[in-house]
Amino acid sequence: MPEVSLYVAMVTAAAGVGGAAIPAIAVIMRDVRQAERDRRERTAEAKRQACLGLLSAAGELRARVADNTQYTGDQLAAWLAGLREGEAAVHLSAANVALLAPQTLADPADHLARAAGQLAAKAAKDTDNRSRIVPQPDFTGFDESVAAFLRKAVANAPA
């Protein structure tokens, strides 16, 4: 029986273990890359949904203010409550966007939320006893805030 040195046996064993580990390492690296890609996709989808939620809440608030002429005096309290709920929904959605994209979308979302607050406050202040806004609402500043947010959101959307 030939004598095999301990060194040769260790090198042979290490080569066998190393050769067997290469496919496992490749699988682990592939799984790590796939998990990172999945995380980026989930984050991008969450940002998209948050932006759409903010735009939806802003649209609902605008419609609520614009439709104020449909209400009569006894519905004033409900209309004002709905107005406050709409404003709160815009603020909540803006906070959601800011949490998901603090560097890129927080400022335009905050600006939109402030414009929603101003629109709601002006509509509530200008409402007469028949629950109609005496001067028809001026949506210019609010619409500009919505458009600015939309432009920024589209510019920062992943490809």
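Just so you know, residue 1 is the first one in the sequence shown, and it goes up from there.
The shortest non-hydrogen separation linking Cys51 to Ala153 is SG-CB, 4.0 Å. The shortest non-hydrogen separation linking Leu54 to Val90 is CD1-O, 3.5 Å. Residues Gly141 and Ala115 come closest through the heavy atom pair O-CB, 4.4 Å. Smallest separation of non-hydrogen atoms from Ala94 and Ala109: CB-O, 3.5 Å. The shortest heavy-atom contact between Val97 and Ala50 is CG2-O, 3.3 Å.
When atom types are taken as modelled, the side chain of Ser93 and the backbone of Ala89 share a donor-acceptor pair closer than 3.5 angstrom.
Taken together through direct or relayed side-chain contacts under 4.5 Å among Ile, Leu, Val, Met, Phe, Trp and Tyr, Phe139 and Leu112 form part of one hydrophobic cluster. Under the 4.5 Å side-chain contact rule for hydrophobic residues, Leu105 and Val154 share a cluster. Under the 4.5 Å side-chain heavy-atom criterion for grouping Ile, Leu, Val, Met, Phe, Trp and Tyr, Leu92 is not connected to Leu100 through any hydrophobic cluster.
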Expected list for residues 81-88: side-chain donor-acceptor pairs under 3.5 angstrom, two or more places apart:
none

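For Thr43, there are no side chain to side chain donor-acceptor pair (under 3.5 Å) partners at least two apart in sequence or on another chain. Partners of Gln103 under the side chain to side chain donor-acceptor pair (under 3.5 Å) rule, at least two apart in sequence or in another chain, do not exist in this structure. Scanning for salt bridge (Lys or Arg N to Asp or Glu O under 4.0 Å) contacts around Arg37 gives an empty result, with sequence neighbours left out.
Looking at Arg48 and Glu45, a side-chain N of the basic residue comes within less than 4.0 Å of a carboxylate O on the acidic one, giving a salt bridge. Look at Arg40 and Glu36 and you find a salt bridge, because one of the NZ, NE, NH1 or NH2 atoms lies within 4.0 Å of a carboxylate O, short of that distance.
Once rounded to the nearest 0.5 Å, the distance linking CG of Leu119 with OG of Ser145 reads 10.0 Å.
Residues Asp38 and Glu41 form a side-chain contact, since some pair of their non-hydrogen atoms from C-beta on lies under 4.5 Å apart. Residues Gln118 and Phe142 are not in side-chain contact: their nearest non-hydrogen atoms beyond the backbone lie 4.5 Å or more apart.
For residues 140-157, the set of pairs meeting the salt bridge (charged side-chain N to carboxylate O under 4.0 Å, His left out) definition, not counting sequence neighbours, comprises Arg62-Asp143. Sequence neighbours left out, the pairs with a member in residues 93-110 that pass salt bridge (charged side-chain N to carboxylate O under 4.0 Å, His left out) are Asp110-Arg114.
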